[in-house]
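Fair warning: this is a prediction, and the values are worked out from it, not measured in the lab. These values consider heavy atoms only, across backbone and side chains, with no hydrogens, waters or symmetry-generated copies.
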Amino acid sequence: MDFEYGADTARSYIANTLYNEDSVLRYRTESIEDILNDSRILSRMIMHHYNYQVPRLNILESYYLANNAAILNGKRRNDEKKADYRVRHAFADVISNFLNSYVLANPVKIDADQDKFIEIVENFNKTNDIDAHNLEIGKDQNNMGRAYELIQRTAGDEDKLYRLDPREVFMIYDLSVRTRVIGACRYYRLNNYDPNNQSYKVELYTHDKIYRYNLANISIEKKLVLESEENHLFGGVPIIEYRSDRHRMATYEKVLSQIDAYDAGQSDTANYMTDFNDAILVIEGMVKNAEDGSLINLMKDANILMLIPQEGLDGSTSNAKANYLTKSYDVQGVESYKSRIRQDIFSLSSTPDLSDESFGGTRSGESLKYKMFGLEQKRSDKEKFLMKGFRVRYKLLENIKRQVREYSGEPAELKFTFTPNLPKALLEELESFVNAGGQVSNETKLKLLSFIDNVEEEKQKLQEENATPEDDWGLSHESDRV
């Protein structure tokens, strides 16, 4: 996103482009036949999405990449000789990745009441490297408030999942209270390296077909040219949407103004430090110099300034002085201001600040839970919307498997289990358990050790060692028998 105006206008543009009714509008029509009968309806949807929703998504993604738009695109300082740092901070990256890794770094466990279907799910997940795919979906869900994936049946009879760019996809709903999904549109530019080529390909996915259109110009409302259509066997729209919440807001969207303020504060500090080094030298008196001016250069090299006392009109002399002309700088006040903004960023986004001293030391796991209470609420919300999408994903998989006669069992009921990715306080748990009178088997203890890869092999080694007599030094007497 390129800006050609000053900082205030850039911030105003960002504020108006972020969350508003148009930027999160849901596209609705009475039935998919309306679009098939008049493709101008789809053309208008694409125009609206491109003009009102894509700019917001571009800004949100730019903050994740630490290309913070407000500080990056602001107007330069008036004095071109002064420093003009644009310090950008990757708070959006930290907030997004913390929540995403917390929820999805550990694989999502899937159970079903149909053993045959569990085998199908496991093969499907392995084929699609599902854990890495889920992390990418979760990242888009955090960064842009929405994520999309496409499920396809390949020519090799494999069912594959593909992540789609949220800036190229939108869902289409009906007008009922349930707002059921009746279609999905994906549009992408051909020859995106050629600025003179504005041609687009448009794909419309319905419950049973895929329609492909050509779009010559995305800025002109007109009928699309149908290129081809084909059937599919998924029994539903094969594009799945994962929302962050009903508002489809990015995880860090509500703290963008605080991030901008922190960027500005650090940039001003950097500018001040550079300007201080280049401060104006004020001399009260005269500088001793040679006729050819060489003495000045010698004094610069030696960091010495030789001054001549100044003689007044009355014949008196005054001591010569030299000092730098600088602004007064309230270091403590500025640092306190930046610290307060930093705290606001983490607290308002419900993200733990791991540099906080309260996360170190010997605090109990129970007390840390309260510091992460806000994050737990966000985790719960994220899991619910992920599960909603997962159910659609595996229902489509079940539908296609039935159609190709690879599954004929009862409809499968799936259960998804998320395991938060957090350090485990095993010592606390074991101490509490043992103090309460509990006992733990040796096998369970072995499983807790990170340096034991194979528990069964370790148990076998222990049995062999216990069966061989040893002396006081732990040495076997097996050699004495030779």
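- Between the side chains of Asn214 and Tyr200, no donor-acceptor pair is found at a separation under 3.5 Å.
- A donor-acceptor pair under 3.5 Å is formed between the side chain of Thr154 and the backbone N or O of Glu158.
- You'll find the side chain of Tyr337 reaches within 4.5 Å of the side chain of Ile341, heavy atoms only.
- Note that the CG atom of Leu164 and the CZ atom of Arg146 stand 13.5 Å from one another [nearest 0.5 Å].
- No salt bridge links Lys415 with Asp113; every basic N to acidic carboxylate O contact stays at or beyond 4.0 Å.
- In this structure, the side chains of Asp260 and Ile71 stay at 4.5 Å or more apart for every pair of heavy atoms.
- The minimum heavy-atom distance linking Ser43 with Ile220 is given by the pair OG-O, 3.8 Å.
- No close placement of the Tyr148 and Tyr242 rings is indicated, their centers lying 6.0 Å or farther apart.
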| salt bridge (charged side-chain N to carboxylate O under 4.0 Å, His left out) between Arg163 and Asp140, intermediate numbers included | CA-CA 9 Å; Arg163 170 200 168 265; Asp140 283 343; 2.6 Å; yes

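- Across all their heavy atoms, Glu253 and Met249 have their closest contact at OE1-CA, 3.5 Å.
- Across all their heavy atoms, Glu398 and Pro411 have their closest contact at OE2-CA, 3.3 Å.
- The side-chain heavy atoms of Ile151 and Tyr162, taken from C-beta on, include no pair separated by under 4.5 Å.
- Counting non-hydrogen atoms of neighbouring residues, nucleotides and ligands closer than 6.0 angstrom, the CD atom of Glu413 reaches no more than 12 such neighbours.
- Within a 6.0 Å sphere centred on NZ of Lys254, other residues, nucleotides and ligands contribute 12 heavy atoms or fewer.
- Remark: Glu30 CD is loosely packed, at most 12 non-hydrogen atoms of other residues, nucleotides or ligands lying under 6.0 Å away.
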| request: For ring pair (Phe, Tyr, Trp, His ring centres under 6.0 Å), just list the numbers for Phe117 and Tyr407, CA-CA rounded to whole Å, side-chain angles, deciding distance to a tenth of an Å, and then say yes or no. | output: CA-CA 7 Å; Phe117 191 67; Tyr407 179 70; 5.3 Å; yes

| request: Give the C-alpha distance, both sets of side-chain angles, the deciding distance and a yes or no for salt bridge (charged side-chain N to carboxylate O under 4.0 Å, His left out) between Lys378 and Glu383. | output: CA-CA 9 Å; Lys378 296 185 75 170; Glu383 288 180 3; over 6 Å; no

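- Geometric assessment of Arg26 against the ring of Tyr173 yields a positive cation-pi assignment under the 6.0 Å and 45° thresholds.
- Judged by distance alone, with hydrogens and angles left aside, the side-chain atoms of Ser349 form a donor-acceptor pair with the main-chain N or O of Phe346 at under 3.5 Å.
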| task | Evaluate the salt bridge (charged side-chain N to carboxylate O under 4.0 Å, His left out) criterion for residues Lys201 and Glu227: first the C-alpha distance (whole Å), next the side-chain angles of each, then the deciding distance (0.1 Å), finally the verdict. | result | CA-CA 10 Å; Lys201 283 285 186 181; Glu227 184 182 65; 2.5 Å; yes

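- A donor-acceptor pair is defined here as one N or O able to donate and one able to accept, closer than 3.5 Å; no such pair exists between the side chain of Asp159 and the backbone of Leu397.
- Judged purely by atom type and a 3.5 angstrom limit, Arg379 has no side-chain atom pairing as donor or acceptor with the backbone of Val103.
- Residues Glu458 and Lys461 meet the side-chain proximity criterion, which asks for heavy atoms closer than 4.5 Å.
- The structure places CD of Glu136 at 10.5 Å from CG of Asp129, a figure rounded to the nearest 0.5 Å.
- Under the 4.5 Å side-chain criterion, counting only non-hydrogen atoms from C-beta, Asn68 is not in contact with Ser62.
- Scanning all heavy atoms of the two residues, the minimum distance from Tyr211 to Lys209 falls at OH-CD, 3.3 Å.
- Heavy atoms from other residues, nucleotides or ligands lying under 6.0 Å from OH of Tyr50 number 12 at most.
- Using modelled atom types, one side-chain atom of Ser39 and one backbone atom of Leu224 make a donor-acceptor pair closer than 3.5 Å.
- Below 30°, between 30° and 60°, or above 60°: for His49 and Tyr187 the angle between ring planes is above 60°, a perpendicular geometry.
- Crowding of Glu410 atom CD: a count of heavy atoms from other residues, nucleotides or ligands under 6.0 Å not exceeding 12.
- Side-chain atoms of Asp22 never come within 3.5 Å of backbone atoms of Gln53 as a donor-acceptor pair (strictly under, hydrogens ignored).
- With no hydrogens or angles considered, a side-chain donor-acceptor pair links Lys338 and Thr269 at under 3.5 Å.
- The aromatic ring centroids of Tyr27 and His48 lie less than 6.0 Å from each other.
- Rounding to the nearest 0.5 angstrom, the gap separating the CZ atom in Arg243 from the CE atom in Met171 is 10.0 Å.
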| message | One pair to check against side-chain hydrogen bond (donor to acceptor under 3.5 Å, both in side chains): His133 and Asn128. What are the steps and the verdict? | response | CA-CA 7 Å; His133 176 82; Asn128 290 283; over 6 Å; no

| said: Run Arg212 and Glu229 through salt bridge (charged side-chain N to carboxylate O under 4.0 Å, His left out) and show every step you take. | reply: CA-CA 6 Å; Arg212 293 183 172 87; Glu229 63 179 85; over 6 Å; no

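- Taking the centre and axis of the six-membered ring of Tyr52, the NZ or CZ atom of Arg56 falls outside the cone set by 45° and 6.0 Å.
- The CG atom of Asn142 sits 10.5 Å away from atom CE of Met144, with the distance rounded to the nearest 0.5 Å.
- Distance alone, capped at 3.5 Å, places no donor-acceptor pair between the Asn421 side chain and the Tyr102 backbone.
- Residues Met47 and Asn217 fail the side-chain proximity criterion, which asks for heavy atoms closer than 4.5 Å.
- Of all heavy-atom pairs spanning Val87 and Ala270, the tightest one is CG2-CB, 4.4 Å.
- Rounded to the nearest 0.5 Å, atoms CG (Asn67) and CG (Leu72) are 6.0 Å apart.
- Rounded to the nearest 0.5 angstrom, Leu150 CG and Leu161 CG are separated by 8.0 Å.
- Considering every non-hydrogen atom in both Asn134 and Leu104, the closest pair reads O-CD1, 3.3 Å.
- Residues Tyr262 and Phe91 bring their aromatic ring centres within 6.0 Å.
- For the side-chain hydrogen bond (donor to acceptor under 3.5 Å, both in side chains) criterion with Ser96, the lone passing option out of Thr351, Asn143, Thr251 is Asn143.
- Listed for the Arg40 side chain is no donor-acceptor partner under 3.5 Å among the backbone atoms of Lys223.
- Val404 places a side-chain heavy atom less than 4.5 Å from the side chain of Arg153.
- Judged by distance alone, the side chain of Thr127 and the main-chain N or O of Asn123 form a donor-acceptor pair under 3.5 Å.
- The backbone N or O of Gly138 sits less than 3.5 Å from a side-chain atom of Lys382, completing a donor-acceptor pair.
- Under the 6.0 Å cut-off for aromatic ring centres, Tyr205 and His232 do not qualify, their centroids lying 6.0 Å or more apart.
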